[in-house]
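One structure is given here, and the rest of the page talks about it.
We use all heavy atoms of the structure for the numbers below, so side chains are in, but hydrogens, waters and symmetry mates are not. Proteins get letters first, then strands, A, B, ... in listed order; numbering begins at 1 in each.
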Protein chains: 2
Amino acid sequence: MGCTGTAESWPGVADYVKGGDQVARASDPGVETPRPGYGAAAGRDTASFPEVTSRSSRSARRPPAMTDVAKLAGVSPQTVSRALSQHASVSPMTRARVLAAADGLGYRLNTAARTLATGHSRTLGVVAFNSTFFGPVSTLHGIEQAARVAGYFISVVSLRSIDRHSVADAVGRLNDQVVEGIVVIAPLTSAAEALENLPTDMPVVVVEGDPNAGLAAVTVDQAAGARAATSYLLSTGHQNVFHVKGPPEWQEAQGRLSGWRSALEEVGAEVVPPLSGDWTARSGYQAGQVLARVPEVTAIFAANDQMALGVLLALHEHNRRVPEDVSVVGFDNIPDSAYFMPPLTTVRQDFDQVGRTSLRLLLDQINSGARSVERVMIQSELVVRQSTLGTPEAS
Amino acid sequence: MGCTGTAESWPGVADYVKGGDQVARASDPGVETPRPGYGAAAGRDTASFPEVTSRSSRSARRPPAMTDVAKLAGVSPQTVSRALSQHASVSPMTRARVLAAADGLGYRLNTAARTLATGHSRTLGVVAFNSTFFGPVSTLHGIEQAARVAGYFISVVSLRSIDRHSVADAVGRLNDQVVEGIVVIAPLTSAAEALENLPTDMPVVVVEGDPNAGLAAVTVDQAAGARAATSYLLSTGHQNVFHVKGPPEWQEAQGRLSGWRSALEEVGAEVVPPLSGDWTARSGYQAGQVLARVPEVTAIFAANDQMALGVLLALHEHNRRVPEDVSVVGFDNIPDSAYFMPPLTTVRQDFDQVGRTSLRLLLDQINSGARSVERVMIQSELVVRQSTLGTPEAS
DNA sequence: GGGAGTTATGTTAGCGATCCCAGCGTGGGT
DNA sequence: ACCCACGCTGGGATCGCTAACATAACTCCC
């Protein structure tokens, strides 16, 4: 395998020339293929004589193709194909010869040609959304990682809005690329309907999407996380917990909202209508300014860390100490949250696992050839830090 | 150059009729094929079955191809191609007919086939890095946006380390996909050398990369931003400014470091060796704990907002007030920084513009067919908030 | 020891699009 | 009249690769 040198890339090396029957048998990798003059200068314009035209004349700088490798190795293109794609029966010697030839030429397989011939592309599509929020970005990242491990390419289309039309359009674009499956990161409830008329013959996995469409799905258990956070606050002596919710059109916001509510109901606490945020620190700050003025507020659960940050600032400006006067919990466990003032108690989501799992579900469908409706729920985990009172049982 | 005979005399009749399932009983062993390769294998007899099963027999569930559209519209595939790709001369009536047929069939152009035929893919490659840091993510986002506007697909390969090998590998993978150009987001100095032996015939733009490689490049003027930040601190009465720098292998860290240094030198202040961070809030916190103990420290410039956050926390824990006792400035203007405690003075970078500009440079190269070495520097901008003393001239 | 399996290779025919060139009808210029 | 340009259209050939079949040389096993 030595020889990683490769790099030089094809432009120079690519002539095997010597037509006819004899083929240069370059057996060892290092070998210089003898080059009969004819560098780049060669035949530029296509002559109109059949004899002369032959494919090689156009070459001006064409990257080497499989036939070139075949010729150099003295075998048929088909054998090259087999040697390079492992799985067929090729004698070790032939394989070595082919590999050497390919290496010497700097040959690279042409994906478009292979896709056309085989009908599949080893590419997966991801429909993502136009945001730089921590969650979606991390999820995308997780998917990308997992895909590479599995040997797939990822083609991403990111949308700015999630209506039926744009999702359909995105799926269409991916379809054009002959993707073998699609992951839709669909955090908005509006995405649900958009997903209904996806082509039925394409493997699909929905991440953070509607829990009841007939599609395979991976979701984080938002409600459980929110319930844990809220219950924790209640368990440390608070009579009630106030909530700053996320945008109602986000599934995650809904899940966190209902988890919070159920925890309150469980202990018979009053469910005070939550304040509305839009995930940004700004909105959290605004909500915080309201809450800070209400003496009864001693515990706040913000639907994400950003908003919790805003809440913290507002409380500080109103001289309400955290956690002595008010406890605050966020959601997401963004890296910075451990360095908020004070370090934030929050709920961790394992986005890498979300990525890995969604990819697994997708590959399962691809391999089995059938759509599945399996749904996987990823657990979340409460991370206790110093923005809440109580026994620091977790780090 | 002959070889690959093609031309020499072909079978008189290109029998184009596939005889249904039966195969054309090729020549018997007696026929000598002169040499491996194509050529004169020629003339089997034309299929004798009148009933032309034709391609449509295989159809099972194959998406419609151009020939299907052609058939339905009653024209040749070539005409369909022309009608769909606008730019050729087709009568309005024909075009309408073709469009209607395509629409009726739900036809979508097969990208792989087109790529194979034309040699280009309307796809651009991006080599990114395995991080969820705000800068790279935002840049990628900006590129994606701009690419879609320009009608290009984006294929992303993200690396986990930036050595020569992995960059070469990434570029190779993109090459396989027949991308028309590549944007390399190369924030590490180690990427510089990796870029040296890129294929020379591929348009490339480097973002945040080495300022002196012979490649087109887009960079943010880190040094100017850092200088502005530092000078601002000095102008508000501080005798000196202490720095928490980023990882030395990052170009941005270098630029910010040198900007800071030059601002100090400008006024003849002592350049105290900076503390080292790794972009994380944690590292900023650690640096902050050191700086908080030093009475002379009244102004700190952290190389990014995350580290500034950590610094703020450390100062708080040591009862040093911001900005009364110590002023703090960050870099990046991440969305949250406006809600730090106190809201952070920082330097804004326009990542969308970076994305747009790098795409423009790349498309210029693609369209002109020549590599350029144009370099564009994007200005950064000081955003003054409450973590610094002085006149609040900016919001 | 001969038909049945294996292994290693070559041959042919596409995958679905575009390219180049040739074949039509029209006009217009000479 | 003739010829050629022009607008529109069709007919291969081809892009680079692989699936499917064909072939030849061996091994096996009863």
Side-chain angles (χ1 to χ4, degrees), chain A residues 46 48 50 53-55 58 62-70 73-85 87-95 97-98 107-121 176 178, chain B residues 4 6-7 10-11 13-19 21-29 31 33 35-42 44 55 58 62-70 73-85 87-95 98 107-121 176 178:
Chain A
T46 58
S48 36
T53 339
S54 88
R55 56 197 312 139
R58 108 198 98 109
R62 173 183 62 93
M66 200 172 266
T67 51
D68 303 323
V69 176
V75 298
S76 75
Q78 181 58 62
T79 298
V80 174
S81 173
R82 283 191 275 247
L84 296 178
S85 28
H87 59 56
S89 63
V90 176
S91 80
M93 221 195 65
T94 307
R95 164 170 290 127
R97 207 138 38 89
V98 168
Y107 168 77
R108 310 221 48 152
L109 199 149
N110 180 316
T111 313
R114 166 184 247 157
T115 297
L116 183 56
T118 61
H120 44 258
S121 56
D176 292 352
V178 202
Chain B
T4 69
T6 96
W10 353 294
V13 178
D15 54 331
Y16 190 65
V17 195
K18 312 155 181 64
D21 41 50
Q22 125 304 358
V23 183
R25 266 312 302 123
S27 45
D28 49 332
V31 172
T33 46
R35 60 188 153 84
Y38 305 16
R44 56 222 145 278
R55 55 193 319 137
R58 105 198 100 109
R62 175 184 60 92
M66 200 173 266
T67 50
D68 302 322
V69 177
V75 298
S76 75
Q78 180 56 62
T79 299
V80 175
S81 173
R82 282 190 278 246
L84 296 178
S85 26
H87 60 57
S89 63
V90 177
S91 79
M93 220 195 65
T94 308
R95 164 170 289 127
V98 169
Y107 169 76
R108 308 216 54 147
L109 199 148
N110 181 317
T111 313
R114 168 184 243 154
T115 297
L116 182 57
T118 61
H120 45 258
S121 57
D176 292 353
V178 202

Using 0.5 Å steps for rounding, measure from the OG atom of Ser121(B) to the CZ atom of Arg114(B). 11.0 Å
Given side chains that start at C-beta, do those of Pro63(A) and Arg108(A) come closer than 4.5 Å, heavy atoms only? no
Can you see which heavy atom on Ala83(B) is nearest to which on Arg95(B), and at what distance? O-NE, 3.5 Å
Nearest heavy-atom contact between Val98(B) and Val69(B) is O-CG1, 3.9 Å
Specify the separation, in whole Å, of atom CZ of Arg114(B) and atom C1' of dA17(C). 8 Å
Pro77(B) and Ala70(B): which non-hydrogen atoms are nearest, and at how many Å? N-CB, 3.6 Å
With the criterion being N/O to N/O and under 3.5 Å, what pairs connect the protein with nucleotides 22-26 of chain C, and how long is each?
none

Between CG of Asp68(A) and C1' of dG16(D) the distance, given in whole Å, is 10 Å
Shortest side-chain distance from Met66(A), nucleotide among dA17(C), dC17(D), dG16(D): dC17(D)
In whole angstrom, give the distance that lies between atom NE2 of His120(B) and atom P of dA17(C). 15 Å
Could you tell me the separation between the CG atom of Leu109(A) and the P atom of dG16(D), rounded to a whole number of Å? 12 Å
Nearest whole angstrom, please: distance from the P of dG16(C) to the OH of Tyr107(B). 10 Å
Give the C-alpha distance, both sets of side-chain angles, the deciding distance and a yes or no for side chain to side chain contact (heavy atoms under 4.5 Å, CB included) between Tyr107(B) and Leu84(B). CA-CA 11 Å; Tyr107(B) 169 76; Leu84(B) 296 178; 3.6 Å; yes
CG of Leu116(B) to OG1 of Thr111(A), rounded to nearest 0.5 Å, is 11.0 Å
For Ala73(A) against Arg97(A), the heavy-atom pair lying closest together: O-NH1, 2.7 Å
Spacing of Arg108(B) atom CZ relative to dA17(C) atom C1', expressed in whole Å: 16 Å
Starting from P on dT18(D), measure out to CG on Asn110(A) and report it in whole angstrom. 10 Å
Residues passing the side chain to side chain donor-acceptor pair (under 3.5 Å) test with Thr94(B), sequence neighbours excluded, are Ser91(B)
Side-chain N or O of Thr118(B) versus OP1/OP2 of dT18(C): is the shortest distance under 4.0 Å? no
Please write out each protein N/O paired with an N/O of nucleotides 6-11 of chain D under 3.5 Å, distance rounded to 0.1 Å.
residue: dT9(D); atom: OP1; partner: Ser91(B); partner atom: OG; Å: 3.3
residue: dT9(D); atom: OP1; partner: Thr94(B); partner atom: OG1; Å: 2.3
residue: dT9(D); atom: OP2; partner: Ser91(B); partner atom: N; Å: 3.0
residue: dG10(D); atom: OP2; partner: Ser76(B); partner atom: N; Å: 2.9
residue: dG10(D); atom: OP2; partner: Ser76(B); partner atom: OG; Å: 3.1
residue: dG10(D); atom: OP2; partner: Thr79(B); partner atom: OG1; Å: 2.5
residue: dG10(D); atom: N7; partner: Arg82(B); partner atom: NH2; Å: 2.8
residue: dG10(D); atom: O6; partner: Arg82(B); partner atom: NH1; Å: 3.3
residue: dG11(D); atom: O6; partner: Gln78(B); partner atom: OE1; Å: 3.3

